[in-house]
Enquirer: 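The structure that follows is given in the form of structure tokens.
From a predicted model like this one, the values you see are computed outputs, not experimental measurements.
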Number of protein chains: 2
Amino acid sequence: MSIEVIFGKVLRNIREDKKLSQEQLAHLSELDRTYISLLERGKRRPTINTLFALCKPLGLKPSEFLGEIEKEL
Amino acid sequence: MSIEVIFGKVLRNIREDKKLSQEQLAHLSELDRTYISLLERGKRRPTINTLFALCKPLGLKPSEFLGEIEKEL
DNA sequence: ATAGTCTACGGACTATAGTCTACAAAGGGA
DNA sequence: TCCCTTTGTAGACTATAGTCCGTAGACTAT
């Protein structure tokens with residue numbers, strides 16, 4: 001499975017664990033809601049800056065996020 | 001310091017530790033040499049796919065790479 | 001029914017990631 | 001001196017990251 005699809009699954013899992021809507025995460029990470037949707041569906045490849053922006057409100061380190069992706073590769 | 005500048009420093013450190021030229025790393029990671037140069041100088045924000053492509057020939061996990069960045073933030 | 005929340009998705013748009021070619025400059029070694 | 005390797009950088013280009021507008025469908029609760 002591609003990196004971006006796995007990225008999307010991990011993002012969605014973590015977001016739902018935190019009981020956040022896409023809209024809320026978008027606001028907290030200062031990204032667009034439709035873009036969060038695209039990411040979760042594996043339609044976009046985020047930059048590392050975007051990864052950091054997402055991880056901040058989710059309360060985990062970017063390295064931990066990538067660790068989750070590596071598990072599934 | 002910005003994420004991309006730190007990214008560049010970490011990339012250069014690791015590449016030089018491995019005794020690779022930008023040209024060699026570019027070939028191994030299937031990226032352009034001038035782009036490696038831009039990255040090392042903090043002029044570009046790589047996608048996570050690019051990060052994975054760079055880490056593979058450098059022999060370290062993307063999560064480890066980001067861990068180095070987090071240390072300096 | 002209907003109002004509210006959440007998400008998928010489309011189109012149009014701007015900014016930038018990433019490629020390619022070419023040239024300049026610095027350094028080391030024969 | 002003259003190569004040779006390495007890196008910076010510019011310009012032009014294509015692909016895609018990321019925004020912003022709108023609409024529609026699923027679901028829940030009232």
Side-chain angles (χ1 to χ4, degrees), chain A residues 1-63 65-66 68-70 72-73, chain B residues 1-63 65-66 68-70 72-73:
Chain A
M1 199 160 15
S2 69
I3 292 171
E4 57 268 27
V5 168
I6 296 175
F7 179 92
K9 291 179 183 292
V10 171
L11 176 59
R12 176 160 294 180
N13 283 340
I14 297 173
R15 177 180 63 81
E16 292 181 343
D17 279 354
K18 303 287 179 183
K19 313 286 189 197
L20 291 173
S21 67
Q22 290 181 349
E23 176 96 38
Q24 290 173 321
L25 176 57
H27 180 251
L28 292 170
S29 57
E30 297 180 284
L31 290 167
D32 195 80
R33 187 190 64 74
T34 64
Y35 184 58
I36 305 287
S37 174
L38 288 168
L39 284 176
E40 289 189 352
R41 286 176 288 127
K43 303 296 187 186
R44 287 294 186 278
R45 303 171 172 190
T47 64
I48 57 170
N49 293 65
T50 298
L51 172 61
F52 274 75
L54 287 168
C55 282
K56 195 168 179 179
L58 291 174
L60 82 166
K61 296 178 183 174
S63 58
F65 196 114
L66 285 200
E68 294 300 314
I69 294 177
E70 289 158 7
E72 308 211 21
L73 273 176
Chain B
M1 199 160 15
S2 70
I3 292 170
E4 56 269 26
V5 168
I6 296 174
F7 178 92
K9 291 179 183 294
V10 171
L11 176 58
R12 176 159 295 180
N13 284 341
I14 297 173
R15 176 179 62 81
E16 292 181 342
D17 279 355
K18 303 287 178 183
K19 313 287 187 197
L20 292 173
S21 67
Q22 290 180 352
E23 177 96 38
Q24 291 171 320
L25 176 57
H27 180 250
L28 292 169
S29 57
E30 298 181 281
L31 291 166
D32 195 80
R33 186 192 64 77
T34 65
Y35 184 58
I36 305 286
S37 174
L38 288 168
L39 284 177
E40 289 189 353
R41 285 176 290 126
K43 304 296 188 187
R44 287 293 185 279
R45 302 172 172 188
T47 63
I48 56 170
N49 293 66
T50 299
L51 172 61
F52 275 76
L54 287 168
C55 282
K56 195 168 178 178
L58 291 174
L60 82 167
K61 295 178 183 175
S63 58
F65 196 114
L66 284 201
E68 293 300 314
I69 294 177
E70 289 159 9
E72 307 212 22
L73 273 176

Enquirer: Specify the separation, in whole Å, of atom CD1 of I48(B) and atom C1' of dA17(D).
Expert: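 Spelled out: CD1 on I48(B) to C1' on dA17(D) is 12 Å.
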Enquirer: Would you indicate whether E16(A), at its atom CD, is surrounded by more than 12 heavy atoms from other residues, nucleotides or ligands within a distance under 6.0 Å?
Expert: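 Yes, CD of E16(A) has more than 12 neighbouring heavy atoms, counting only those of other groups under 6.0 Å.
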Enquirer: So what does L31(B) hit on the nucleic acid, given a heavy-atom distance under 4.0 Å: a base, only sugar-phosphate, or nothing?
Expert: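 If one applies the 4.0 Å heavy-atom cut-off, L31(B) turns out to touch the sugar-phosphate alone, with no base involved.
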Enquirer: Walk me through it: do E40(B) and R15(B) pass the test salt bridge (Lys or Arg N to Asp or Glu O under 4.0 Å)?
Expert: CA-CA 10 Å; E40(B) 289 189 353; R15(B) 176 179 62 81; 2.5 Å; yes
Enquirer: Between S37(B) and Q22(B), what is the shortest heavy-atom contact and its length?
Expert: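 Looks like CB-OE1, 3.6 Å.
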Enquirer: Taking only the side-chain heavy atoms of D32(B) (C-beta and beyond), determine which of dG18(C), dT7(D), dC20(C) contains the nearest atom.
Expert: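 Between dG18(C), dT7(D), dC20(C), the one nearest the side chain of D32(B) would be dC20(C).
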Enquirer: At less than 4.0 Å, is any side-chain N or O atom of T47(A) found next to OP1 or OP2 of dT16(C)? Yes or no.
Expert: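 False: T47(A) side-chain N/O out of range (4.0 Å or more) of dT16(C) OP1/OP2.
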Enquirer: Classify R45(B) by what it touches in the nucleic acid, base, sugar-phosphate, or nothing, heavy-atom distance under 4.0 Å.
Expert: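 If one applies the 4.0 Å heavy-atom cut-off, R45(B) turns out to touch the sugar-phosphate alone, with no base involved.
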Enquirer: Expressed in angstrom and rounded to an integer, what is the separation of R41(A) atom CZ from dC6(C) atom C1'?
Expert: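 Result: 13 Å.
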Enquirer: Take atom CZ of R44(B) and atom C1' of dT9(D), then tell me their distance rounded to the nearest Å.
Expert: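 Rounded to the whole Å, the gap is 11 Å.
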Enquirer: Between atom CG in L51(B) and atom P in dG18(C), what is the gap in whole Å?
Expert: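 Spelled out: CG on L51(B) to P on dG18(C) is 11 Å.
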Enquirer: Could you check how far CG of L39(A) sits from C1' of dG18(D), rounded to whole Å?
Expert: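 About 9 Å, once rounded to whole Å.
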Enquirer: Would you mind telling me which of dA22(C), dT19(D), dA17(C) lies closest to the side-chain atoms of T34(B)?
Expert: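 Of dA22(C), dT19(D), dA17(C), dA22(C) is nearest to the side chain of T34(B).
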Enquirer: Could you state the CZ-C1' distance from F7(A) to dG18(D), rounded to the nearest angstrom?
Expert: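 Distance, rounded to whole Å: 13 Å.
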Enquirer: Would N49(B) and T47(B) count as having a side-chain donor-acceptor pair, cut-off 3.5 Å?
Expert: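 Checked: N49(B)/T47(B) side chains show no N/O donor-acceptor pair below 3.5 Å.
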Enquirer: Checking I14(A) against F65(A) for the side-chain contact (heavy atoms from CB on, under 4.5 Å) test, could you report, in this order, the C-alpha distance in whole Å, the side-chain angles of both residues, the deciding distance, and whether it holds?
Expert: CA-CA 9 Å; I14(A) 297 173; F65(A) 196 114; 3.9 Å; yes
Enquirer: Tell me which nucleotide among dA17(C), dT7(C), dG18(D) gets nearest to the side chain of Y35(B).
Expert: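 The answer is dA17(C).
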Enquirer: Expressed in angstrom and rounded to an integer, what is the separation of K43(B) atom NZ from dT7(D) atom P?
Expert: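 So the NZ-P distance, K43(B) to dT7(D), works out to 18 Å.
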Enquirer: Hey, is the main chain of K61(B) close enough, under 3.5 Å, to the side chain of E70(A) for a donor-acceptor pair?
Expert: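 Flag not set: sc E70(A) to bb K61(B) has no pair under 3.5 Å.
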Enquirer: Closest nucleotide of DNA chain C for R33(B) versus for L38(B): which of these residues is on the 5' side?
Expert: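 By nearest-heavy-atom nucleotide position, the 5'-most residue is L38(B).
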Enquirer: The test is side-chain contact (heavy atoms from CB on, under 4.5 Å); show your working for L38(A) and R41(A) and say whether it passes.
Expert: CA-CA 5 Å; L38(A) 288 168; R41(A) 286 176 288 127; 3.7 Å; yes
Enquirer: So does R15(A) get a side-chain nitrogen or oxygen closer than 4.0 Å to the phosphate oxygens (OP1/OP2) of dT7(C)?
Expert: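 Yes, because at least one side-chain N or O of R15(A) sits under 4.0 Å from OP1 or OP2 of dT7(C).
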Enquirer: Rounding to an integer number of Å, can you tell me how far Q22(B) CD sits from dT9(D) P?
Expert: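 Answer to the nearest Å: 11 Å.
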Enquirer: Is E30(A) touching bases, backbone alone, or none of the nucleic acid, heavy atoms closer than 4.0 Å?
Expert: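 If one applies the 4.0 Å heavy-atom cut-off, E30(A) turns out to touch the sugar-phosphate alone, with no base involved.
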Enquirer: Can you measure from CD (E4(B)) to CD1 (I6(B)) and round to the nearest 0.5 angstrom?
Expert: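 One finds 9.0 Å between CD of E4(B) and CD1 of I6(B).
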Enquirer: Please convert DNA chain D into dot-bracket. A pair counts if it is Watson-Crick or G-U wobble with both distances under 3.5 Å; crossing pairs go in [ ] and bases paired with another strand get |.
Expert: ||||||||||||||||||||||||||||||
Enquirer: Look at the side chain of S37(A) and the base of dC9(C), then say whether one donor and one acceptor between them are separated by less than 3.5 Å.
Expert: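 Absent.
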Enquirer: Starting the side chain at C-beta, find the nucleotide from dG22(D), dG8(D), dG18(D) nearest to R12(B).
Expert: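 Of dG22(D), dG8(D), dG18(D), dG8(D) is nearest to the side chain of R12(B).
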